[in-house]
Amino acid sequence: MRNSLLVTLLLLLLATNISTAQQLCPIVPKPAKISFGNQAFVINTKTVLVASPELSDFAHQLRKMLVNTGYDLPIASGTENVILLRIDKRLQTLSNEGYKLTVDKDKIEITAAHTKGLYYGFVSLLQLLPSEIYSKSPVKGIKWEIPAVTIEDQPRFAWRAVMLDVSRQFYEFSFLKKYVDWMSVHKINVFHIHLADDQGWRIEIKKYPELTNKGAWRGDNEVLARAYGSGKARYGGFYTQEQLKELVKYATERNVQILPEIDMPGHSKAVIASYPQVKCQLNGELSASTNVYCASRDSNFIMIEDIIKEVASIFPFEYIHIGGDEVWHRYWEECPNCQQLMKDKGFKEVGNIQNYFIKRLEDIVSKQGKKMIGWNEIMEGGELRKSTAVMAWNSLNVGYEIAKKGYQVVLAPNEIYYIDKRQAIDERGWVNQIITTKDIYDFNPMANNELTKDELKNIFGIEVCLWSEKLDRPYRYPEFMTYPRLCALAETAWTPQEKRDWNDFANRMGDYHFSRLSNLGINYRLFSPTAKVENNLVTVIPPYKKAIVRYTLDGTEPSLKSAIYTHPFKAPNINSVYLKTFTANGYTSPSTKGIDRPAIGHWTPSDCSTTLKEMTFDISKQLTSIGNWFVEFRYVQGTSIQIESVKLLENGVLLSEDAHVGTAGIWTSNNMYRLPLTSHSEKATYTISVSFKSDGNTDSQGDLFLSLGYNNEP
Ligand code: TNX
């Protein structure tokens with residue numbers, strides 16, 4: 001009896017020891033090295049910040065990051081209950097951004113070769129505290145305890161970035177600051193702002209006031225036409241140079257560099273609308289549609305130089321982004337002056353004009369003491385300076401090819417890192433592709449066997465891009481699109497590949513990080529549940545260990561009143577099982593509507609024709625109740641199809657029809673067809689008849705899905 005008690009005690013002791021050793025790391029992105037000790041440090045009235053005089057300003061800044069503890073930490077000397085900041089040049093081996101952080105009962109010590117590293121040490125320190133440290137204001141009644149740890153940390157990539165397109169939608173200045181705040185929590189260090197595009201010019205340029213007087217606005221009485229939900233009313237805005245300087249200062253304090261982008265020579269409708277002389281000499285429709293600078297006008301380069309000069313004076317970052325993407329060469333082909341330029345310069349193809357233009361931009365940028373970066377199309381038509389960096393967006397392979405050529409590359413491949421794409425099939429997004437947080441997390445940008453180690457070193461950064469065409473609504477959707485996908489990018493960019501593991505990350509998000517995002521006030525997308533179904537038995541897969549999953553069986557949104565999932569259940573209709581994740585404090589994910597719904601049919605190249613064609617599918621098995629049913633066309637590959645109408649028939653008799661033009665392709669629009677069913681008969685045969693044609697090539701392929709409308713509403 002006594003013996004077994006002893007054994008139990010021993011086992012218990014062992015178990016607690018193991019659990020401290022295996023303690024889940026709370027920090028996102030996960031540090032390169034972390035180990036846990038035993039006795040925690042507690043911030044209290046005795047705590048002081050200790051820093052040498054030259055770090056005094058910096059210490060004051062860090063001190064503010066702890067205001068939520070309610071303790072106004074003095075900067076003083078001391079030996080007990082101290083937070084010590086120290087520069088140690090020997091830590092240069094961890095790069096400027098690396099740091100060491102040790103926490104024990106009496107002392108916290110952060111050391112780094114540079115204040116950038118000290119800052120990141122502090123960012124990690126905050127994530128060892130209760131998540132209320134990120135609240136809007138001081139929180140009472142919390143024990144501000146920091147577990148004993150030893151961390152040695154440094155980033156995997158030098159360039160860890162997010163891009164925000166402020167042209168297609170205009171964001172209030174205050175939003176930019178919040179965006180910076182949030183990214184700095186994740187050790188993201190480059191904020192790329194897409195300041196000029198066809199739909200709006202967003203930066204004050206003193207020498208060319210019309211750029212913002214006119215080019216920042218669209219609507220029915222403006223030089224720019226309405227676009228993407230902006231409507232008839234005047235829509236737009238811009239940032240003054242004062243504001244942008246303030247943003248730079250704000251970002252610098254948070255280790256964030258601002259990369260300004262002025263997209264040229266294409267995507268320049270806003271410039272052309274404000275200063276029409278910059279476009280090519282063209283006639284008719286071409287003249288009206290052009291969004292490309294004329295390459296033959298020398299005064300265009302003078303204007304660009306003036307603009308870049310002002311841009312360079314606002315942003316201290318060593319790079320300026322000049323765009324360079326999607327330039328429609330058609331305009332240069334049709335412009336007599338550009339044709340003359342080709343003859344004069346002995347250019348063989350219009351692509352050489354692109355190279356000529358980009359090289360002149362290189363000269364202009366380097367005259368300001370800056371390096372140039374541009375989208376991968378800047379590589380068209382000839383070589384560039386090796387100091388020029390390339391942002392690869394067309395595909396991952398394009399990025400690798402350019403790195404192979406010896407250029408510095410930032411990978412921003414649209415197929416993985418475009419966070420304007422939807423996160424689930426029934427959410428808003430630019431194209432049909434779904435990119436989840438897991439997709440971003442699971443991708444290793446350095447996994448390429450074709451490149452040598454040295455060539456791979458040319459890939460010095462990774463970046464996600466938030467294009468804004470479809471972000472006009474709902475309110476705060478950009479936050480939902482950015483988080484938590486940016487958390488996944490941050491960990492890819494910071495943490496050594498061998499330390500990355502999706503389950504570990506998902507649990508860390510669930511245990512710690514989602515509540516930080518909540519306290520920061522971010523409208524993030526909580527992970528939705530998934531499920532497996534076998535013979536109507538539903539087994540839910542919670543997205544992380546502590547996830548609370550609630551479900552309904554009747555196609556209604558799960559609420560706090562719905563059943564909590566505990567074990568597999570039988571569902572009469574899989575289509576109307578809805579699942580939703582809830583956090584402990586009631587924040588919810590979007591619902592998973594229906595589980596693993598199989599397609600009700602497909603279209604293949606052999607079904608395609610360039611004239612209208614009918615296809616019929618029997619859906620009696622799936623159409624099990626009354627309600628607003630939707631048929632959705634999901635493109636898989638090939639060219640797109642155009643759908644003209646979808647009919648629902650009962651025993652061959654027409655019940656309802658939705659006739660509207662929809663497209664299913666890489667670009668998808670109006671591809672859902674609504675077919676209300678007001679009475680349902682068990683014995684009837686239900687079929688749908690689809691009328692569609694394909695665009696040009698007949699190699700299109702895709703699937704048809706059936707779903708019951710949300711809450712039975714259209
Ligand atoms: C392509 S990415 C563009 C953008 C669009 C984006 C939409 C790039 C350099 N050009 O202008 O917003 O696709 O996903």
Side-chain angles (χ1 to χ4, degrees), residues 161-171 190 192-202 215 218 224-225 227-230 259-272 289-293 319-329 354 357-358 361 372-380 388-399 402 407 409-423 427-435 439-440 461-472 477-478 481-482 485 489 635 640 663 665-669:
V162 58
M163 187 215 78
L164 182 68
D165 166 9
V166 298
S167 172
R168 276 62 175 267
Q169 304 295 332
F170 176 69
Y171 299 96
V190 178
H192 169 183
I193 312 185
H194 187 71
L195 286 163
D197 208 307
D198 297 332
Q199 292 82 359
W201 183 279
R202 306 282 177 228
R218 52 186 201 243
L224 291 172
Y228 313 113
S230 61
L259 173 70
E261 179 187 351
I262 306 294
D263 203 346
M264 296 174 283
H267 282 271
S268 296
K269 192 91 197 170
V271 183
I272 289 169
S289 69
T290 182
N291 66 348
V292 177
Y293 278 83
Y319 283 97
I320 289 183
H321 199 307
I322 56 77
D325 61 312
E326 298 180 315
V327 184
W328 286 47
H329 293 171
Q354 166 90 353
F357 205 110
I358 301 296
L361 294 181
M372 188 179 93
I373 186 165
W375 300 109
N376 57 249
E377 290 98 319
I378 63 172
M379 295 302 301
E380 283 169 11
T388 288
V390 184
M391 199 169 272
W393 75 278
N394 270 136
S395 71
L396 189 54
N397 279 336
V398 161
I402 297 171
Y407 290 90
V409 173
V410 172
L411 292 179
N414 78 84
E415 66 268 39
I416 304 147
Y417 286 163
Y418 268 27
I419 55 172
D420 58 334
K421 296 188 184 179
R422 70 195 69 216
Q423 301 178 75
E427 287 170 13
R428 279 169 80 83
W430 191 209
V431 293
N432 225 0
Q433 193 196 346
I434 294 170
I435 296 180
D439 293 331
I440 291 180
I462 57 175
E463 173 166 331
V464 287
C465 298
L466 187 57
W467 299 99
S468 293
E469 284 97 326
K470 297 265 167 139
L471 298 189
D472 57 314
Y477 206 54
M481 297 298 259
T482 309
R485 287 189 289 189
L489 182 96
Y635 161 91
S640 57
T663 313
I666 294 186
W667 315 99
T668 287
S669 67

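Just so it is clear, the values below take in all heavy atoms, side chains as well, and ignore hydrogens, waters and symmetry mates. From a predicted model like this one, the values you see are computed outputs, not experimental measurements. Counting convention: from 1, in listed order, for ligands and their atoms alike.
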Next item on the list: Given side-chain hydrogen bond (donor to acceptor under 3.5 Å, both in side chains), test Glu261 with Trp375 step by step and report yes or no.
Entry: CA-CA 10 Å; Glu261 179 187 351; Trp375 300 109; 2.8 Å; yes
Next item on the list: State whether the side chain of Thr482 and the backbone N or O of Pro478 hold a donor-acceptor pair below 3.5 Å, judged by distance alone.
Entry: yes
Checklist line | Interatomic distance, Arg168 atom CZ to Arg218 atom CZ [nearest 0.5 angstrom] | finding: 9.5 Å
Check: Looking at residues at least two apart in the chain, or sitting in another chain, which of them share a side chain to side chain donor-acceptor pair (under 3.5 Å) with Thr663?
Finding: none
Give me the pairs of N or O atoms, one from ligand 1 and one from the protein, that sit under 3.5 Å apart.
from     : atom 1 : to     : atom 2 : distance (Å)
ligand 1 : 10 (N) : Asp325 : OD2    : 2.8
ligand 1 : 10 (N) : Glu326 : OE1    : 3.3
ligand 1 : 11 (O) : Arg168 : NH2    : 2.9
ligand 1 : 12 (O) : Arg168 : NH1    : 2.9
ligand 1 : 12 (O) : Glu469 : OE1    : 3.2
ligand 1 : 12 (O) : Glu469 : OE2    : 2.6
ligand 1 : 14 (O) : Asp420 : OD2    : 2.8
ligand 1 : 14 (O) : Trp430 : NE1    : 3.0

Check: Can you name the residues that form a salt bridge (charged side-chain N to carboxylate O under 4.0 Å, His left out) with Asp420, not counting sequence neighbours?
Finding: none
Next item on the list: Could you tell me which residues satisfy ring-ring contact (aromatic ring centres under 6.0 Å, His included) with Tyr477, sequence neighbours excluded, listed by chain and number?
Entry: Phe480
